[in-house]
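Down below is the structure, laid out as structure tokens.
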Amino acid sequence: MKAFKGIEMWKNVSLILLVIIGLSFHEIYKATGITALGIISPVNESKWEHWKMAFYPMLVIGALQYAILQFRGNNYIFAIAAGVGVFLIITFGGIELYELLLGPSHLPVHVLTFLGGAMAGNFLRHWIMENTIDSKGLNLLGLTFIVILAAILTRFTFDPPRYDYFRDSLTGTYGIHEYK
């Protein structure tokens, strides 16, 4: 791993940026109506569309770290993919668990699970880069996960399955084109 003197500070800065970017992504499509931005931000209030608030900001942070800071830890791409996976599991798994045990969730539950997912995903990302032996196989696995998830998120933006998880909780429609 290439040494980077400011990595401890970057861990905190990247977490703050991850939360700010993730939360701001919630409103990008609604504010602009630009279809291309709907690919990276929620186009409606379905649970599925909110996965984009974890996925794309983690990629942005990873790209910033790679390009600007020139910090490339071991298994860099795999670390980003694992961070995304943990972010998604904690955020959306937490919401589903809450709803299973306590009933409908509300905004504070969503925000708290998002913050918990961001912290855990960011921590895991850095832990992997600092504590694993570099592996082309792991990076290929991570890249495969990222590409497949990006393709699925994009596809389902335009034509999601017709299940409750993909339905807008406010309008009852599906996807960017508001299919009923």
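Heads up: numbering here begins at 1 and tracks the sequence.
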Enumerate, atom names and distances included, each donor-acceptor pair closer than 3.5 Å involving a side-chain atom of residues 28-37, sequence neighbours excluded.
residue : atom : partner : partner atom : Å
Lys30   : NZ   : Glu45   : OE2          : 2.5
Thr32   : OG1  : Ile28   : O            : 2.9
Thr32   : OG1  : Ile34   : N            : 3.2

Next on the checklist: Treating Tyr174 as the side-chain partner and Asp164 as the backbone partner, does any N or O pair qualify as donor plus acceptor under 3.5 Å?
Outcome noted: no
Checklist outcome for this item: Residues joined to Phe123 in its hydrophobic cluster, side chain to side chain under 4.5 Å directly or through other members, sorted by chain and number, are Phe78, Val86, Ile90, Leu124, Trp127, Ile128, Leu138, Leu141
Item to check | Gap separating the CG atom of Leu149 from the CZ atom of Phe55, nearest 0.5 angstrom | outcome: 4.5 Å
Item to check | Results of side-chain contact (heavy atoms from CB on, under 4.5 Å) for Ile39 - residues two or more places apart only | outcome: Tyr56, Thr154, Phe158
Item to check | Pair Val84-Ile146, side-chain contact (heavy atoms from CB on, under 4.5 Å): steps then yes or no | outcome: CA-CA 9 Å; Val84 165; Ile146 289 169; 5.7 Å; no
Item to check | Any pair counted as side chain to side chain donor-acceptor pair (under 3.5 Å), so long as it reaches residues 78-87, sequence neighbours left out | outcome: none
Item to check | Hydrophobic cluster (4.5 angstrom, side-chain heavy atoms) - remaining members for Ile16 | outcome: Ile20
Checklist entry - Do Met119 and Leu15 have side chains that get closer than 4.5 Å, going by heavy atoms? => result yes
Item to check | All side-chain hydrogen bond (donor to acceptor under 3.5 Å, both in side chains) counterparts of Glu27, not counting sequence neighbours | outcome: none
Checklist entry - Going by atom types only, do Lys52 and Thr157 share a side-chain donor-acceptor pair under 3.5 Å? => result yes
Checklist entry - With side chains defined as the heavy atoms from C-beta onward, is the minimum distance between Leu102 and Val109 less than 4.5 Å? => result no
Item to check | Glu49 vs His26 side-chain heavy atoms within contact, under 4.5 Å | outcome: no
Item to check | Distance (rounded to the nearest 0.5 Å) between Ser46 OG and Leu170 CG | outcome: 10.0 Å
Checklist entry - Phe87: what forms a ring pair (Phe, Tyr, Trp, His ring centres under 6.0 Å) with it, not counting sequence neighbours? => result Phe114
Item to check | Pro42 side chain near Met53 side chain, heavy-atom distance below 4.5 Å | outcome: yes
Next on the checklist: Show every side chain to side chain donor-acceptor pair (under 3.5 Å) that has at least one partner inside residues 113-123, sequence neighbours left out.
Outcome noted: Ser14-Asn122, Asn122-Arg125
Checklist entry - Do Ile80 and Ile133 sit in the same hydrophobic cluster, where Ile, Leu, Val, Met, Phe, Trp and Tyr count as joined when their side-chain heavy atoms come under 4.5 Å apart? => result no
Item to check | Sequence-distant partners of His110, ring pair (Phe, Tyr, Trp, His ring centres under 6.0 Å), two or more places apart | outcome: none
Checklist entry - What pairs with Ser41 under side-chain hydrogen bond (donor to acceptor under 3.5 Å, both in side chains), at least two apart in sequence or on another chain? => result none
Checklist entry - Between Asn44 and Asp168, is there a donor-acceptor pair closer than 3.5 Å when you use the side chain of the first and the backbone of the second? => result no
Item to check | Residues which pass side-chain hydrogen bond (donor to acceptor under 3.5 Å, both in side chains) with Thr132, listed by chain and number, not counting sequence neighbours | outcome: Asn75
Checklist entry - Is the closest side-chain heavy-atom distance between Ile95 and Phe92 below 4.5 Å? => result yes
Checklist entry - Shared ILVMFWY cluster between Leu153 and Ile148, side chains joined below 4.5 angstrom? => result yes
Checklist entry - Should we say atom CG of Leu101 is surrounded by more than 12 heavy atoms from elsewhere, each under 6.0 Å from it? => result yes
Checklist entry - So do the side chains of Val19 and Leu115 get within less than 4.5 Å of each other, counting heavy atoms only? => result yes
Item to check | Separation between OG of Ser135 and CD1 of Ile77, rounded to the nearest 0.5 Å | outcome: 11.5 Å
Checklist outcome for this item: Rounded to the nearest 0.5 Å, the CD1 atom of Ile89 sits from the CD atom of Glu96 at a distance of 13.0 Å
Next on the checklist: Using only atom types and a distance under 3.5 Å, with no angle test, would you say the side chain of Arg162 pairs donor to acceptor with the backbone of Pro160?
Outcome noted: yes
Checklist entry - Got a sec, which residues hit ring pair (Phe, Tyr, Trp, His ring centres under 6.0 Å) with Phe166, two or more places apart in sequence or on another chain? => result Trp48, Phe156
Next on the checklist: Please report the interatomic distance NZ(Lys136) to CG(Leu140), rounded to the nearest 0.5 Å.
Outcome noted: 11.0 Å
Next on the checklist: Please give me the minimum heavy-atom distance between Pro57 and Gly22, naming the atom from each residue.
Outcome noted: CG-CA, 3.5 Å
Checklist entry - Are Leu112 and Leu23 in one and the same hydrophobic cluster, where Ile, Leu, Val, Met, Phe, Trp and Tyr link if side-chain heavy atoms are under 4.5 Å apart? => result no
